[in-house]
Each structure stands twice: as structure tokens, then as C-alpha cells.
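Letters go in sequence order (proteins before strands), and every chain restarts at 1. No experiment lies behind these values; they were computed from the predicted model shown. Values reported hereafter were calculated over all heavy atoms of this structure, with side chains retained and with hydrogens, waters and symmetry mates removed.
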Amino acid sequence: MSEQLSANNPVNLRLPDGSVRTFDGPVTGTTLAADIGPGLLKAALAIHVNGEIWDLSRVISEDSNVSIITRKDEAGLDLLRHDCAHIMAEAVQELFPKTQVTIGPNIDDGFFYDFARDKPFTEDDLGAIEKRMHEIVKRDEEIIREVWTRDDAIAHFKSIGELYKAEIITDLDPDQEITIYRQGNWLDLCRGPHLPSTGKLGDAFKLMKVAGAYWRGDSNNEMLTRIYGTCWRDKKELKAYLHRLEEAAKRDHRKLGREMDLFHLQEEAQGSVFWHPKGYTMWLQLEKYIRNRLAGWGYDEIKTPQLLDSKLWEQSGHWAKFRENMFIVPDEIPSTEDDAPILSGKAKLMALKPMNCPAHIQVFKQGTKSYRDLPIRFSEFGCCHRNEPHGALHGIMRVRQMTQDDGHVFCSEDQITAETIDFCTLLSSVYRDLGFPDFKVLLATRPETRAGSDEVWDRAEGSLEDALKATGLEYGYAPGEGAFYGPKLEFHLSDALGRTWQCGTLQLDYVVPERLGATYIGEDGAKHTPVMLHRAILGTLERFLGIMIEHYAGRMPLWIAPVQAVVSPITSDTDEYAREVYDKLIAAGIRAELDIRNEKINYKVREHSHKKVPAIFVVGGREAENASVSVRRLGSKHSTVLDADEAVAALVEEGRMPDGTAEVSESNDGTAATA
RNA sequence: GCCGCUGUAGCUCAGUGGUAGAGCGCACCAUUGGUAAUGGUGAGGUCGGGAGUUCGAUUCUCCCCAGCGGCACCA
């Protein structure tokens, strides 16, 4: 069909309400918007054409289903954010002419743009850049889409010193259309689409922070300087977002850990946690809970050594594949001579265990095992050390000494599916108990650095995926993210702020049991190597407690709260009665405190509320007279007067540790139900 | 590990080329007060560590360490 013919053909555009507008020939989104009304023309940002988002200026020459996109649409917000990134890049290059642009994608709540510059940007530069951005918005520069040839584009970007852009184009799929967006005197390679002009952006944006980021995300490449920004439809949304950040900061486990006196960290033991009595109470409760649950699913708990000979790690494959994350200790008596080296450097080496699996295999190997013994399930609250990079450490979420709720299941190949189903059932029940009903599953496949042949990996990945299918859980993939000895399932839970955390894992391992010589006698009387499933539900207690603290904003469920109740007399006249109530709580097994300090009740209520104590029992003359208590629950402005014994009994009931028998909560979307 | 920022009292933070200050917390005294701060008095810091410049450094310069925000890595 020739151009001329199509130009004379009428074009029918069907709008979302079903109505059709007919034009004499090809039209642009702008024309359509104007045809519908001046209000829409003003609000229009782009247009959906048969499911694709187009610039308003692009010519539509065929009958299409269309809808105009405004800033009210989700797609409109995405456009605003991406344009905001472009406007930021324009501002940066106006202010700092020798800076090269690289990539600038949208992210949750905003965008970033990575720049190459001799001197990295600092936070002090953000004010000037932001100011210039507002000027560019005021200039209301028209944004023009142009299609260039590949060679022209490469030549152009090379000629202006934009080597990264030239590299990006060079690496693009040869069939990919090269589009350039021009605004004012500035232009950028971009797939688009974009707003019709910079003025449409508005003023609800803010540059948030600067950071270093490697070119193409590879730590072997040079480091670029990244600027993060946030962008919204209007000032009100921006303000709400900033408020949300402030609220999230209040939940920070490092802040709450200090305020609630749970733990501390100090530089002499970086990456390892000093647990205080209150924090360790939470730890012990969580440990007790998961221990109970594991025992109910056929796990036998063991305890294995911290320091193991490097020979074992060589054999297991850790020495070759994991050594840079291990703490190595020479097995030698250090010299006490003043002028002699402390260590000779000649001693044999031991290593603090970074994982428990080789030690569990040693336990398995004691005595002869029969196929009738399988599956054997060992659990251990294994304290592991990993030499994590300094920059990775973060509160108690990312530490160097960690305690896993670890376990290894030794089984035959035909037991993998049943064990996987059981594990997923247990895991979803645990997450539900702990307040995290929603989680996602990813199948992580072979990494580049790995032990074992491709044939073994084919088998392992196949078995694990088959078993995963049998659980009925929905899942995605994490290519290349498997452990060095086998593929794994990653369980990512969502917290109250919608963030996701990888906690649980199930790893299928054909490699390490064989390397370490684990065998059992099969039905056929011959030796076979068992399959090993490495699994953890919480992941590590440190991280999981950190997640729980932030998820609950410190207001822990009663069973895990370090102090469950405080008894506080109004005046010292009722100290004695307060002590009676306190004794009742203690006798009932409640973690209670008695606060008979010479302070006003207002002061005490305020202080215990800040410390997130779930229940305050206030007792005055009235309560003492009729053996009652005035109970004020955390988060409530009101108090309830109850019979003292009943109040204690109610607290005992509420504070019962969950055991997996609770009803499935409504927020569970069903993905967690596997039983 | 890489980039940037920060490091002052237990906590949150102000401040200065002439050896430091606030609020909260803590101690003591007074106050006995019904559900988110009673008042007063006092103690407490070699200003992250080391070196340099200077008559003099917490302040300026350099190096190191740690924390924070990211990147990379990861439970």
C-alpha cells in the first residue's frame, strides 16, 4: 500500500468508552485530544495506541484502539518520572558541561540517572541541579522525537564525547529503531515515549541522594556517580511520600534496638551483635518457637563445631568456591616474644564454619545408614561466620556472625518431592504464625562459580523444579543465583512496608554429600550417595528479628515482646498492692516489671509506651480495694478496669506462643496454602 | 571492596584557630501526683585515632578506622 493511498484513507480511533472518532487521514494524539476537548488537550501527556504508549506527536495512520494518558494514570506517572530523569540530565549537563550521561531508568517512587564525571557529585550539588530543573520546566521546551540511523547516532555521540551512549547504541539489537529525543538544545538517546514538553512535568519532584554505581552493574567496571530523585503528580503526593519515608525511618531496627534496649553493635566486633537481656529474650522466644515447629516435623537437633580443619573445607569445595568469605585461623600457639612474629605462617589452617552442611554430613557418616533410616533430618541453630565485605554490613540485618535456623535433610532421590512439599507447608505455616502471610518463591539456577558437572546440575535443577511444581506454589526464576553446590528455592516475604526479604531457602545438593563420602545402604545392598536438602525458614535469627522489629515497628506480638507488662502504682500508697499484682504475673509466667519509682503516672505511661511495652497495669486506691487493675494497652488511649486474676489470665492466653494451628488469616492470598 | 557524606556527654544535636554547650537521660533533694514529660540542684566529654601546619588544633591539611546512604556481594 502506498503512502499516498493511506494518507487519504480515513482513520478510525476507538476510545475507551467505545465511541469511535473518524479522521480524514493520519492524525496525532495531540489532534485527537484537541478534538475531544481543550481540557483533555491540556492534560494529555501521551497516548495508548493498541496497547503501546506513544508520544502525542506520533502520527497514527491506521484504525486503532486508543486512550489519552494524563498524569492521573499510572502510565502518566511513569512518564513524569522518566521525563524528570531527562530534565535532571539536561540540568546536569548545562551546569557541568563535561559530564557524560549513561542510563536513567525509573525505579519505585522515582528514578535515577548515572553520570560519568571526573569528580563525583556530592549532596551539595543537588540544590543547584534541582533549581536548574525547575528553570527547564519553566522554559517549557518542546520534546521532539526523531528516528536516527545507527551510524549517525554513534557518530554523533562520539563527536560530542558521549562515549557511554555510543557504547549503548553499539550494543543495541541491530533491528532496534534508534530514537532520539530533543528538548531545547539538549538531546538524549531514548526509547521513549515522552511528554510533549518539559512544562508538563510540574514541580512535584526532589533530588534525594547521590551514590556511586558501577557501569553496567559490574564491579570490574568504573564507578559512575548516580543521582536519585523522586517525582509525583503534585506537591501533595510528594509530601505524602516524604512523610512515608520519615515513618519508615522511625521503624529502623537500629533505632528501635537502642530505644528498646535490645542490642548494640560496636566497632571492636563489627558485624557481630551484642544482645542485651531484652533483645535476647526475643531471640530465645523465637528460637523456642522454631525449635518446637521443627521437632513437630521430624527434625533431630544437633550441635556441631565452630572450627574445622581446612582439609574438610577443601574436600567439600568451600575452600575453592567460598574461601574469600571465610575466617581462617592458624592452628598454632602464638608467640609471646616481643620481637618475634606472633604467628609463624607455617601452621595448618582451621576455618570458622561459614555453613553447617559439612559438619552435618560428619554426623550422618557416623555408623552405617540404611535406606530404611531415610529421610534423616538434622537441625541446628548453627552459629556461622562469614567474612562479609565491609560495605555490606547493615545493623543486625547483614552481619558477619549469624545464627541460622539451619537444617539438612538426607534422603533418596525419590523422596525429594515429598520433602519439598513438607518443607513448603511448614515454611508457610511459620511465616503465617510470625505475621508474614505473603511470600514469593524463586527457583535459583546454576551460578557461574560452581562445583559439580553439568549433568549433575541438569538433574538437580530438574528434580527441584519438579518438586516445586508438586507443591502447587506459584514461582519465578532467579537465573544464576543458585548456591555453588546446587540449585535453590528462595522464599521472599513481604513486610508491613511492602519491602521483600529473602529469608527461607531450600537447596538441593548432589555434590557435597558425594565429595564428603556420605553413603547409605540401599535396598539393593549397594552403597548410594544420599541427596542433601539444605534448608532454612527464618534464614538467620539476627536478620529475622531485625525484620520483625521493623515489620511490627517495635510493637511485638505479646508472645515475643521482651517485657509483656509493667505494673505501676499511682502513688506509693499502693506499692504493696502493685507488688501483689506483679507477683501474680510472674507466677503466671508473664515477663513483667514493677515500676515503683517516685514518678508521676503520666511520666511512666509515656516512658513504657516509648519502650513498646504491650500492657501497663495501673493500680491506685480503687484497684487495691477491689483487687482489680486498670489495663492500658500499647497504642490505646483508653484503659479498661479488670479483675486482677482475670487480667493476668487473659494476658497468659494472649501471650501463648503460636504453634501453626492458627486459622489462615484473610491477608493470605492462597499462595501459602499447600497442605 | 568501590563512590559520597558523617564522627562533639549514655541519646539527639548546636558550636569555635585560644583546651566546649543545650535538651533528654543519669544522681541527689523536694513533690504522693489517676493514664504520653512535677520542680530544683549536680555529676558527666583528652570533641573517632594518628601525623602535619601553627605560639596554640575539637576547628585547617593528610592518612587510618568506624558509622550512614548507595553500588557490588548476600541469609
SB check A:E625 A:R622 (cutoff 4.0 Å): no
B:A37 P sits how many Å from A:H608 NE2, rounded? 14 Å
B:G17 and B:C47, which share atom name C1', separated by this distance in whole Å: 15 Å
Taking CZ from A:R555 and P from B:A36, how many angstroms apart are they, rounded to a whole number? 14 Å
Can you measure from CD (A:E461) to CZ (A:R446) and round to the nearest 0.5 angstrom? 4.0 Å
Mind checking A:A211 for me? I need base, sugar-phosphate or nothing, with any heavy atom below 4.0 Å counting as a touch. base
C1' atoms of B:A66 and B:G49, separation to the nearest Å: 10 Å
Whole Å only: how far is the NE2 atom of A:H610 from the P atom of B:A37? 9 Å
What is the distance, rounded to the nearest whole Å, between atom CG of A:L634 and atom C1' of B:U35? 13 Å
Taking atom types as they are modelled, is there a donor-acceptor pair under 3.5 Å from the base of B:A66 to the side chain of A:E268? no
Listed in order of residue number, which residues of residues 245-257 of chain A have a non-hydrogen atom at under 4.0 Å from RNA chain B? A:R254
Contact under 4.0 Å: A:R632 side-chain N or O vs B:A36 OP1/OP2: yes
How are the rings of A:H360 and A:F378 set relative to one another: parallel (under 30°), tilted (30 to 60°) or perpendicular (over 60°)? perpendicular
Candidate nucleotides B:C73, B:G33, B:U38, ranked by approach to the side chain of A:E599 - the nearest: B:U38
Measure all distances between protein nitrogen or oxygen atoms and nitrogen or oxygen atoms of nucleotides 4-12 of chain B, and list the pairs falling under 3.5 Å.
residue: B:U12; atom: OP1; partner: A:R258; partner atom: NH2; Å: 3.1

Out of B:U35, B:A36, B:C65, minimum distance to the side chain of A:Q270 belongs to B:C65
Side chain of A:V618: nearest nucleotide among B:C71, B:G34, B:A75? B:G34
Do A:F439 and A:Y431 have ring centroids that are under 6.0 Å from one another? yes
I'd like to check the ring pair (Phe, Tyr, Trp, His ring centres under 6.0 Å) partners of A:F491; sequence neighbours left out, ordered by chain and number. A:F423
When the ring centroid of A:F115 is compared with that of A:Y113, is the distance short of 6.0 Å? yes
Just compare B:G34, B:A66, B:A75 and give me whichever is closest to any side-chain atom of A:E623. B:G34
5'-most contact on RNA chain B: A:E607 or A:L393, nearest heavy atom basis? A:E607
Are the ring centres of A:W232 and A:F205 closer than 6.0 Å? no
Determine the Euclidean distance between corresponding P atoms of B:C24 and B:G42; express it in Å to zero decimal places. 15 Å
Ring centres under 6.0 angstrom apart (A:F544, A:F436): yes
Polar side-chain atom of A:N387 near backbone of A:F327 as donor-acceptor pair, under 3.5 Å: no
Name the stems that RNA chain B belongs to, where each is three or more consecutive Watson-Crick or G-U pairs with both distances under 3.5 Å? B:1-7 with B:65-71, B:10-13 with B:21-24, B:26-30 with B:38-42, B:48-52 with B:60-64
Find the distance between NE2 (A:H243) and CG (A:L238) and round it off to the nearest 0.5 Å. 13.5 Å
Report yes if at least one side-chain N or O of A:Y214 is closer than 4.0 Å to OP1 or OP2 of B:G1; otherwise report no. no
Are more than 12 heavy atoms from other residues, nucleotides or ligands located less than 6.0 Å from atom NZ of A:K288? no
is_close_aromatic(A:F263, A:H276), centroid dist under 6.0 Å: no
Specify the separation, in whole Å, of atom CD1 of A:I396 and atom P of B:G67. 15 Å
Rounded distance (Å) that lies between atom P of B:G49 and atom CD of A:Q266: 16 Å
Side chain of A:M223 - closest among B:A75, B:G69, B:C2: B:C2
Under 4.0 angstrom, heavy atoms only, what part of the nucleic acid is A:M208 near: base, sugar-phosphate, or nothing? nothing
Does a nitrogen or oxygen in the side chain of A:H394 sit under 4.0 Å from OP1 or OP2 of B:G67? no
Using a strict threshold of under 4.0 Å (side-chain N to carboxylate O), is an ion pair present between A:K209 and A:E123? no
Which whole-number value in Å describes the distance from A:Y603 OH to B:U35 P? 18 Å
Quick one: side chain to side chain contact (heavy atoms under 4.5 Å, CB included) partners of A:L442, sequence neighbours excluded? A:A478, A:E490, A:H492
Using a strict heavy-atom distance below 4.0 Å, which residues from residues 478-503 of chain A are in contact with RNA chain B? A:K488, A:Q502, A:C503
Taking atom C1' in both B:G45 and B:C5, compute the distance separating them and give it to the nearest angstrom. 24 Å
For RNA chain B, whose closest nucleotide is more 5', that of A:H638 or that of A:D218? A:H638
With P as the reference atom in both, quote the distance from B:C60 to B:C2 in angstrom, rounded to an integer. 25 Å
Can you check side chain to side chain contact (heavy atoms under 4.5 Å, CB included) on A:S639 and A:V618, steps first, answer last? CA-CA 9 Å; A:S639 52; A:V618 175; over 6 Å; no
From the options A:H253, A:R251, A:R254, select the one residue that forms a side chain to side chain donor-acceptor pair (under 3.5 Å) with A:E550. A:H253
Does A:Y228 reach a base, just sugar-phosphate, or nothing at all? Heavy atoms under 4.0 Å. sugar-phosphate
Is a donor-acceptor contact shorter than 3.5 angstrom present between the side chain of A:S219 and the base of B:A72? no
Could you give the distance separating B:G18 and B:G56 at their C1' atoms, to the nearest angstrom? 7 Å
Write down the distance between CG (A:N220) and P (B:G1), rounded to a whole number of angstrom. 17 Å
Can a salt bridge be assigned to the pair A:R400 and A:E542 using a cut-off of 4.0 Å between side-chain N and carboxylate O? no
Please state whether the phosphate of B:G69, meaning OP1 or OP2, lies under 4.0 angstrom from any side-chain nitrogen or oxygen of A:K209. no
Could you tell me how far B:C65 sits from B:U16 if I compare only their C1' atoms? Round to whole Å. 26 Å
Categorize A:G621 for me: base, sugar-phosphate, or nothing, with a 4.0 angstrom heavy-atom threshold over every strand shown. base
Would you measure the distance from the C1' atom in B:G52 across to the matching atom in B:C68 and give it in whole Å? 28 Å
